[in-house]
Number of protein chains: 2
Amino acid sequence: MTVDEQTRTEGPRSKRRMILDAAIDNFGGVGFEHTKWATIADEVGIGQTALYHYFESKVHCLLTIMSNELERSLERTRAVTAEVSDPDEQIRVAVAAAFDVTPREALQERILMSHQDLLVGERSSKREEAERERARELVREIEHEWAALLKAGMDAEVFARHDEVVLARLMLGMINSVWRWYRPKGAHTLAEISEQVVAACVRLAH
Amino acid sequence: MTVDEQTRTEGPRSKRRMILDAAIDNFGGVGFEHTKWATIADEVGIGQTALYHYFESKVHCLLTIMSNELERSLERTRAVTAEVSDPDEQIRVAVAAAFDVTPREALQERILMSHQDLLVGERSSKREEAERERARELVREIEHEWAALLKAGMDAEVFARHDEVVLARLMLGMINSVWRWYRPKGAHTLAEISEQVVAACVRLAH
DNA sequence: TCTAGAACCGAATTCAGATCAGGAGCAACG
DNA sequence: CGTTGCTCCTGATCTGAATTCGGTTCTAGA
């Protein structure tokens with residue numbers, strides 16, 4: 001659906017993808033407010049005004065990056081959990097998948113983490129608001145997906161009884177909090193972190 | 001030290017506290033970028049320029065709110081954990097204390113959550129940078145405090161062996177993630193949430 | 001070839017945050 | 001008492017980055 005939509009709305013000369021990539025690198029690297037919109041234009045090799053052909057505003061671009069990543073992450077979770085049926089194993093593969101990302105996807109996760117507050121308040125412009133609602137809906141679906149995994153495990157009496165909605169949020173909160181401090185050059189590799197978070201989530205579920 | 005410093009540097013006519021309170025309500029309510037610096041001035045009843053007598057910039061005010069809350073939170077954690085010695089009980093009271101906050105402190109926690117990315121990059125101006133470093137140092141101390149609690153529990157063979165530093169971060173990530181979705185009028189009260197997070201943290205430690 | 005729409009641009013505008021150049025009130029001190 | 005030195009405050013002005021305006025160029029398809 002997404003690929004179709006992108007292919008459909010993007011002409012062959014489109015620099016949309018280049019803009020998004022440059023924006024991800026900049027927003028994720030030096031931060032959103034610290035990134036000048038003009039810099040993105042320079043990096044892509046177009047005038048600043050041309051950016052408005054693709055995005056309604058700097059924030060609209062950010063929201064697009066965020067909902068794209070949410071969508072990717074949701075799809076991936078669904079894909080890997082569908083492959084296994086044991087509740088414990090489902091949690092394991094879901095968490096592992098959350099950390100099995102490219103460097104750029106890691107940046108997108110960090111951006112997502114740093115700007116979730118944007119998803120709270122209404123946006124005045126049409127396209128921004130549409131993108132915001134898409135993102136919110138995806139967040140809801142992700143929470144629902146995880147809650148369902150937990151619920152299934154509880155019903156199968158593999159997991160202990162808990163409020164699955166709150167537990168899902170806590171688990172996701174823990175998983176995502178990693179993007180706040182993880183750095184590619186840091187003391188811990190993603191693989192190491194992943195392993196520990198997988199174990200932690202399994203403990204949480206029981 | 002802080003109280004002394006504030007009392008020392010604040011004259012009787014000072015509107016510093018009023019500004020901070022107005023800023024917390026606005027930043028926490030409608031968001032930092034959505035809040036006009038001029039609005040704060042209006043609410044306090046002074047001209048926009050007068051704000052610069054107290055804070056070097058809007059961001060400096062935000063950083064001050066953040067490090068204030070970090071400091072309060074750290075002190076509180078230290079105070080309540082010092083009262084008990086059983087590792088399980090220490091985790092329990094520490095988590096409970098994290099959710100035992102006034103409505104305004106809850107807003108400060110939300111602000112803290114939404115702008116931790118500010119603590120990453122260097123700030124150009126002196127006072128901003130000083131405040132940023134104070135905040136970073138407090139974050140480090142908080143992580144260290146929790147890691148120490150976990151380590152003590154592991155050494156006492158109450159908790160299972162894990163990397164206490166990573167586990168502390170994950171636990172704090174989970175606890176703090178609540179401020180992202182908790183709302184006073186929401187489906188869950190803070191007391192209910194607290195109870196569930198306490199239980200979750202105990203499970204994590206074992 | 002003609003044309004709709006995608007892609008683009010330089011100049012001008014906007015607006016919130018920040019600066020400038022002071023002024024008023026108050027306490028302390030000689 | 002006057003003056004010195006703070007804290008606290010202000011109106012006018014500036015700045016810089018996002019955005020708008022009013023177009024032009026390019027290209028796929030009829």
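Within every chain, numbering begins at 1; the chains are lettered A, B, ... in the order of the sequence lines, protein sequences first and strands thereafter.
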Measure [atom1]/[X] against [atom2]/[N] and give the value in whole Å, please.
X: Ile40(A); N: dA17(D); atom1: CD1; atom2: P; answer: 14 Å
X: Tyr54(A); N: dA6(C); atom1: OH; atom2: P; answer: 11 Å
X: Gln48(B); N: dG11(D); atom1: CD; atom2: P; answer: 10 Å
X: Lys58(A); N: dT14(C); atom1: NZ; atom2: P; answer: 21 Å
X: Trp37(B); N: dC14(D); atom1: CH2; atom2: P; answer: 23 Å
X: Asp42(B); N: dA16(C); atom1: CG; atom2: P; answer: 12 Å
X: Glu56(A); N: dT20(D); atom1: CD; atom2: P; answer: 8 Å
X: Lys15(B); N: dG25(C); atom1: NZ; atom2: P; answer: 13 Å

When you get a sec, tell me which of [options] is the closest nucleotide to the side chain of [X]?
X: Ala50(A); options: dA18(C), dC8(C), dT19(D); answer: dC8(C)
X: Lys36(A); options: dC8(C), dA18(D), dT10(D); answer: dA18(D)
X: His53(B); options: dC8(D), dA18(C), dT19(D); answer: dC8(D)

Working to the nearest 0.5 angstrom, can you tell me the gap between [X] [atom1] and [Y] [atom2]?
X: Leu20(A); Y: Phe27(A); atom1: CG; atom2: CZ; answer: 9.5 Å
X: Leu119(B); Y: Arg180(A); atom1: CG; atom2: CZ; answer: 9.0 Å
X: Ile111(A); Y: Arg104(A); atom1: CD1; atom2: CZ; answer: 10.0 Å

Can you name the closest pair of heavy atoms from [X] and [Y] and give their distance?
X: Asp100(B); Y: Glu105(B); answer: O-OE1, 4.5 Å
X: Val120(B); Y: Arg136(B); answer: O-NH1, 3.4 Å
X: Val44(A); Y: Ala22(A); answer: CG2-CB, 4.2 Å

> What does Tyr52(B) touch in the nucleic acid at a heavy-atom separation under 4.0 angstrom: a base, only the sugar-phosphate, or nothing?
Replying inline: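 Base: the residue Tyr52(B), judged by heavy atoms under 4.0 Å, touches a nucleobase.
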> For Thr35(A), which contact category applies under a 4.0 Å heavy-atom criterion: base, sugar-phosphate, or nothing?
Replying inline: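 Sugar-phosphate, no base atom in range.
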>> Taking side-chain contact (heavy atoms from CB on, under 4.5 Å) as the criterion, tell me which of Ile175(A), Asn176(A), Val178(A), Leu70(A) meets it with Glu109(A).
In response: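 Only one option passes, and that is Asn176(A).
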>> One character per nucleotide, please: for nucleotides 21-30 of chain D, 5' to 3', B when the base has a protein heavy atom closer than 4.0 Å, S when only the sugar-phosphate does, - otherwise.
In response: B----BS---
